[in-house]
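Input: a single structure, listed below in structure tokens.
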Amino acid sequence: MRKYNPKEIEPKWQKRWAEDGLYNFDPSADKPKWYFLTMFPYPSGALHIGHWFMYAPPDAKARYLRMKGYNVFFPMGFDAFGLPAENAAIKHGLDPKTWTYENIAYMRRQFASMGASYNWSHEVITCDPEYYKWTQWLFIQFYKHGLAYRKKAPVDWCPKCNTSLAREQVKGEDRRCDRCQTPVTKKDLEQWLFRITKYAEELLDFSAIEWPERVRVLQTDWIGRSAGAEIIFKLESYDETITVFTTRPDTLFGATFLVLAPEHPLVTRIVTAEQRPLVEAYIEQTKRLTEIDRLALTREKTGVFTGGYALHPFTGERLPIWVADYVLMNYGTGAIMSVPAHDERDFAFASKYGLPVKVVIAPEGWNGEQLEAAYTGAGIMVASGEFDGLASERGKQAIIDALQERGLGKAAVTYRLHDWLISRQRYWGAPIPMVHCSSCGTHPVPEDQLPVLLPEGVQFLPTGESPLKLSEGFRRTTCPVCGGEAERDTDTCDTFVDSSWYWFRYLDPKISDKWMNSALAEKWLPVDEYAGGIEHATMHLLYARFFTKALRDMGLVNHSEPFIRLFNQGLMLAEDGQKMSKSRPESVVNPDEQVDMYGADVFRTYLMFIGPWDAGGPWSSKGIEGINRFYKKIWNFVLEPPPAASGEPSAEQVKELERWMHKTIARVGQDIEHFRFNTAVARLMEYLNYLVKAKETPLTLLPQWKQAVRTLVLLIAPIGPHIAEELWQELGESYSVHQQRWPDFDPVLAADEVFTLVIQVNGKVRDRVPNLPVDVSEDEVKRLALDSQNVKRQIEGKDIINLLYVPKRLVNIVVR
RNA sequence: GCGAAAGUGGCGGAAUUGGCAGACGCGCCAGACUUAGGAUCUGGUAGGGCAACCUGUGGGGGUUCGAGUCCCCCCUUUCGCACCA
């Protein structure tokens, strides 16, 4: 008998499937549609084990859904613009394009070796001019609709990547670059931004999508809605005002000073001559600090007095105006009213600089004494003029109303979310399709001139300037308005722009006169299910939602959410439970080696078996042996003829066989549907274990036996596609197993006919009665329970005060 | 500090959502087969007594006939956010 040899069967079937176009996609097929998307990879060189962990289970689900009769759209592509290509160019003198396409070719071969059933004819590669032409076109539409704008501002800058970053791409307390972990600095640059804040409110609404709580919370926190008031303070000596944002208008009477961010434009105007040197020095000092230093120092707050005063909108009291870097320019209005009695930060600052603390919300039991610390809770308003005696919650609205009446304020909402900065000072990205003319200003490249091609043979000097700036041929152009000399924008788009619309393009990636095939979109969008890592919660997934809503408002699509369902897989860890890391090469598991050693079926199945898909977990080089044995066992089970049997199986045995089969069909299907691949595999193992034993009985003589074996192979097919195809052929069935219907199960046959009755006394198991029919009467159960010797011993001399029967499970005798 | 998730044998993990804790697999132990095997097969495997039983799902309380599951308090770990006014 042949041995299980994945090296022989896997390449054979992969070739056959490709030749037959087994996974070609027909969008018009008359079946229910299922658009199943997984986050496409960056072509970094080779698929690593994390990729396999991410891609193998969805392939199993896609295969399962096809067998269930869905028309599954399961595309794949490459998020191909990005820094590593450029860094490879700098380091090894390689052309980014060549490097990228070579990597893509290799990774496609790896996907094939996995047995992945992607619809490759719909592949999208974002660095392909045919793709980025439309990235640029979309940029122009955003521009035309006021959703893309240019602004000079201090931006987050990564000194290693030599480019600016979006706020989302700066991570952690010490503000490091998401890509290379280098601490970011600030740089003043003129940059393009997308107006995502326009959608802040709508992005908080998740009612139309079924996303994990975790992601919804991350996005909600990231958007950071906070409601309060804007309050206008008049200045004492200038005809100017300072607007502050506060969530606590009820504490307005407790404001004892104002604080401006050092970058606030009014600072230099209001500072008195006397204080000017101090203030200027302070601003200088703040500027020199990197963001990290500034935060590290902030345990101790610093600031200086400007010499200026503002007037309290109700009392007219003079409030000194300070500058302090604990107030941030990019949140709210960059100015605050400081209420030391009711805000911890203000309290710390006031304590340090000897500024007055005025209690206006009485804590419970407060008798007018000095506070030891800020009281930030609710309470009754005091020392607040006409508002005295109000509960602070009601006071908020009362103060807002009073301010509004005087034209000195209004209710306001602010968000932590910032507009999305998309300019990158790098080469390997989609050029921003804009032209700057000294006489006409900035204008889009005419749409019939797209794409603005990336020039080849560009110099890469790590200067921090866009490499495209150094390409004269690229930079010089003519103004689309006046025809005179003009300059192209030499920045490129953040690669997250490329990935913010790729699932639209998948539908018809070759359509040449439009960004997307709307007829197909009508039927196929939104995406039914999206699988990918949680690390994209506040980046890609937020951008994707923003894009969809923006495109809707431009009339380009008619839905509001890109992905109905979302599933986040976990992280594959090294054998020691730590993260796999290139700095510890021994910790890294190379998928190609695993395929070489065990075959793709074993490897992918082990990745599914290792634990719940959303949890991830540590790799085990021993554990994979178990799956290897499992497949060998299936192989031998199917190929080895049963021993000669005589006689007839009992009716019970036949029913058991059927029950196992139907139950397994039901469970494996449900598990795959819910991404519970680990238990799906476990069910298959149990089924096999049962079948191996049953093979020793006369059951093998029955037609039901053949059915049971056939079913085993069908149920394996999504998970181990190659071995299933081979065994299917061995069973004499017709090609391909992957075009078969997923077997139906009969709930009646799957249901247990008998059960083991558990008998408890006072909640403790004292006996069991096996093989009771499920419809056994309660009286019979009680009789059996009380008849048990063990039970008799336990209840002797005690009173039975209750006896509960949970049908098909247990009885509990309560005694005292 | 705020928010979220999690804590079950030697290990990865199951548990129909309040009803037999530890499915399945790894590892380990014993045995069989084999010239040999890191192959294969059979049996065992939470801990303690080795029998009746007792104890066990991070710790402590509670609800319940019954709690890994529900409620309260605490501990630990991981992740996210962090001067956001």
Side-chain angles (χ1 to χ4, degrees), chain A residues 3 171-173 175 212-218 220-222 224-226 228 244-248 251 259 261 294-295 297-299 301 324-328 330-339 342-346 348-349 376 414-417 534-535 537-538 571 573 575 577 606 609-612 614-615 617-627 629-630 632-633 636 667 670 676 678-689 692 755-768 790 793-794 801-816:
Chain A
K3 281 193 170 162
K171 295 279 167 174
E173 182 176 5
R175 301 182 48 79
E213 166 88 15
R214 225 156 112 229
V215 179
R216 299 197 316 258
V217 167
L218 280 169
T220 303
D221 289 352
W222 187 258
R225 180 184 202 272
S226 104
V244 307
F245 174 74
T246 178
T247 54
R248 293 295 301 273
T251 64
V259 187
R294 188 162 157 180
L295 277 163
L297 278 176
T298 52
R299 303 295 157 217
K301 298 195 192 319
D325 64 7
Y326 80 93
V327 175
L328 308 176
N330 58 14
Y331 183 78
T333 58
I336 62 160
M337 65 175 197
S338 196
V339 186
H342 306 295
D343 182 283
E344 285 166 23
R345 295 151 301 180
D346 296 343
F349 192 80
T376 57
T414 55
Y415 302 91
R416 277 190 19 180
L417 182 71
I534 189 136
E535 66 274 15
T538 57
L571 192 66
L573 299 173
E575 199 138 16
Y606 182 61
F609 183 65
I610 209 159
D614 54 350
W619 171 259
S620 162
S621 51
K622 290 277 195 198
I624 192 172
E625 290 285 356
I627 301 295
R629 279 177 215 156
F630 170 58
K632 279 191 209 165
K633 200 167 164 183
N636 296 335
R667 288 171 154 185
Q670 280 160 19
R676 293 191 299 248
N678 56 330
T679 48
V681 175
R683 304 288 179 222
L684 288 166
M685 287 173 166
E686 286 178 287
Y687 184 45
L688 179 63
N689 290 344
V692 166
F755 73 105
T756 299
L757 177 71
V758 169
I759 304 172
Q760 298 182 333
V761 177
N762 285 350
K764 291 195 175 176
V765 180
R766 294 301 177 186
D767 205 356
R768 295 185 171 88
N790 277 357
R793 198 166 48 239
Q794 292 292 333
I801 55 173
N802 203 354
L803 198 152
L804 294 107
Y805 174 51
V806 182
K808 289 189 263 183
R809 290 193 209 284
L810 53 75
V811 282
N812 189 11
I813 305 164
V814 186
V815 295
R816 193 159 44 202

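Naming: A, B, ... by sequence-line order, numbering from 1 per chain. Everything quoted here is computed from the prediction, not taken from an experiment.
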Notebook entry, point to check: P atom, U16(B) versus C65(B): distance in rounded Å?
Noted result: 23 Å
Checklist line | Student check: side-chain heavy atoms of Thr376(A) and Asp343(A) closer than 4.5 Å | finding: no
Item checked: Of Gly611(A) and Asp346(A), the one whose closest RNA chain B nucleotide lies more 5' -> Gly611(A)
Checklist line | OP1 or OP2 of C41(B) under 4.0 Å from side-chain N/O of Asn636(A) | finding: no
Margin query: Would G9(B) be called syn or anti here, given the cut-off of 90° from 0?
Written below: syn
Notebook entry, point to check: Which way is the base of U45(B) turned, syn or anti, if we draw the line at 90° from 0?
Noted result: anti
Notebook entry, point to check: What nucleotide, of G25(B), C53(B), A14(B), holds the atom closest to the side chain of Thr679(A)?
Noted result: A14(B)
Notebook entry, point to check: For atom P, what is the distance between U57(B) and C2(B), given to the nearest Å?
Noted result: 29 Å
Next item on the list: Would you mind reading off the distance between Gln760(A) atom CD and C53(B) atom P, rounded to a whole angstrom?
Entry: 14 Å
Checklist line | Separation between the C1' atoms of C75(B) and G60(B), rounded to whole Å | finding: 10 Å
Notebook entry, point to check: Which nucleotide, G27(B), C81(B), C20(B), lies nearest any side-chain atom of Thr756(A)?
Noted result: C20(B)
Check: With a 3.5 Å cut-off and just heavy-atom distances, do the side chain of Arg809(A) and the base of U16(B) make a donor-acceptor pair?
Finding: yes
Note to self: In this structure, how many angstroms lie between the P atom of G66(B) and the CZ atom of Arg766(A), rounded?
What the structure shows: 14 Å
Item checked: G80(B) phosphate, OP1 or OP2, under 4.0 Å from Arg216(A) side-chain N/O -> no
Next item on the list: Extract the stems that RNA chain B is part of, considering only consecutive pairing runs of at least three Watson-Crick or G-U wobble pairs, both distances under 3.5 Å.
Entry: B:1-7 with B:75-81, B:10-12 with B:24-26, B:27-32 with B:40-45, B:46-48 with B:53-55, B:58-62 with B:70-74
Check: Using atom P of each nucleotide, how far apart are G18(B) and C70(B) to the nearest Å?
Finding: 8 Å
Next item on the list: Please report the shortest heavy-atom distance between Ser338(A) and Val259(A), naming the atom on each side.
Entry: CB-CG2, 4.2 Å
Check: When you compare G66(B) with A51(B), how far apart are their C1' atoms, in angstrom units rounded to a whole number?
Finding: 27 Å
Item checked: C1' gap between G13(B) and A23(B), integer Å -> 10 Å
Next item on the list: Kindly point out which of G12(B), C53(B), C24(B) is positioned nearest to the side chain of Asn689(A)?
Entry: C24(B)
Check: Can you tell which of C65(B), C53(B), G13(B) lies closest to the side chain of Asn678(A)?
Finding: G13(B)
Next item on the list: Check whether any side-chain heavy atom of Arg416(A) sits under 4.5 Å from a side-chain heavy atom of Tyr331(A), and report yes or no.
Entry: yes
Margin query: Just N and O in the side chain of Arg416(A): are any of them under 4.0 Å from OP1 or OP2 of A85(B)?
Written below: no
Margin query: Looking at Glu344(A), I want to see if its CD is surrounded by more than 12 non-hydrogen atoms of other residues, nucleotides or ligands under 6.0 Å.
Written below: no
Check: Where the side chain of Val806(A) is defined as all heavy atoms beyond and including C-beta, which of G19(B), G27(B), A85(B) is the nearest nucleotide?
Finding: G19(B)
Note to self: Quick check: on RNA chain B, is the nucleotide nearest Gly334(A) upstream (toward 5') of the one nearest Gly623(A), or the reverse? Name the residue that is more 5'.
What the structure shows: Gly623(A)
Margin query: Could you check whether any side-chain heavy atom of Phe609(A) comes within less than 4.5 Å of a side-chain heavy atom of Ile624(A), counting everything from C-beta outward?
Written below: no
Margin query: Taking any heavy-atom pair under 4.0 Å as a contact, classify Val814(A): base, sugar-phosphate, or nothing.
Written below: sugar-phosphate
Margin query: By nearest atom, which of the nucleotides C26(B), C53(B), A23(B) is closest to the Glu686(A) side chain?
Written below: A23(B)
Check: Could Glu625(A) and Lys622(A) be called an ion pair, given the rule that one side-chain N must be under 4.0 Å from one carboxylate O?
Finding: no
Item checked: Whole-Å gap separating P (G56(B)) and NZ (Lys764(A)) -> 8 Å
Notebook entry, point to check: In whole angstrom, what separates Glu625(A)'s CD from C11(B)'s C1'?
Noted result: 16 Å
Margin query: Applying a 4.0 Å non-hydrogen cut-off, can you work out what Arg683(A) is touching in the nucleic acid: base, sugar-phosphate, or nothing?
Written below: nothing
Check: Rounded to whole angstrom units, what separation is found between the NZ atom of Lys633(A) and the P atom of C41(B)?
Finding: 6 Å
Item checked: Minimum side-chain heavy-atom gap Val692(A)-Lys633(A) below 4.5 Å -> yes
Check: Asp221(A) has an atom CG; how far is it from atom P of C2(B), in whole Å?
Finding: 14 Å
Margin query: Of the listed nucleotides (G27(B), C24(B), C65(B)), which one gets closest to any side-chain atom of Met685(A)?
Written below: C24(B)
Check: Within this structure, what is the OH-to-P distance between Tyr606(A) and G25(B), rounded to whole angstrom?
Finding: 13 Å
Check: Closest to the Val765(A) side chain: A85(B), A21(B), G25(B)?
Finding: A21(B)
Note to self: Rounding to an integer number of angstrom, what distance separates C41(B) and U17(B) when you compare their C1' atoms?
What the structure shows: 39 Å
Note to self: Classify Thr246(A) by what it touches in the nucleic acid, base, sugar-phosphate, or nothing, heavy-atom distance under 4.0 Å.
What the structure shows: sugar-phosphate
Item checked: For atom CG of Leu218(A) and atom P of A5(B), their distance in whole Å -> 12 Å
Notebook entry, point to check: Of all heavy-atom pairs between Leu810(A) and Tyr805(A), which one has the smallest distance, and what is that distance?
Noted result: O-CD1, 3.4 Å
Next item on the list: For A21(B) versus G47(B), give the span between their C1' atoms, rounded off to a whole number of Å.
Entry: 14 Å
Next item on the list: Could you check if a side-chain atom of Asp346(A) sits within less than 4.5 angstrom of a side-chain atom of Met337(A), using non-hydrogen atoms only?
Entry: no
Check: Angle class for the Tyr326(A)/Phe349(A) ring planes (parallel below 30°, perpendicular above 60°, tilted otherwise)?
Finding: tilted
Next item on the list: Classify the nucleic acid contact of Ile610(A) as base, sugar-phosphate or nothing, counting any heavy atom under 4.0 Å across all strands shown.
Entry: sugar-phosphate
Note to self: Side chain of Pro612(A) only, heavy atoms from C-beta on: which candidate in A14(B), C53(B), C24(B) is closest?
What the structure shows: A14(B)
Checklist line | Which nucleotide in A14(B), G3(B), G19(B) has an atom nearest any side-chain atom of Asn812(A) | finding: G19(B)
Checklist line | Closest approach of Ser620(A) to Tyr606(A) (non-hydrogen atoms, all atoms of both residues) | finding: CB-OH, 3.2 Å
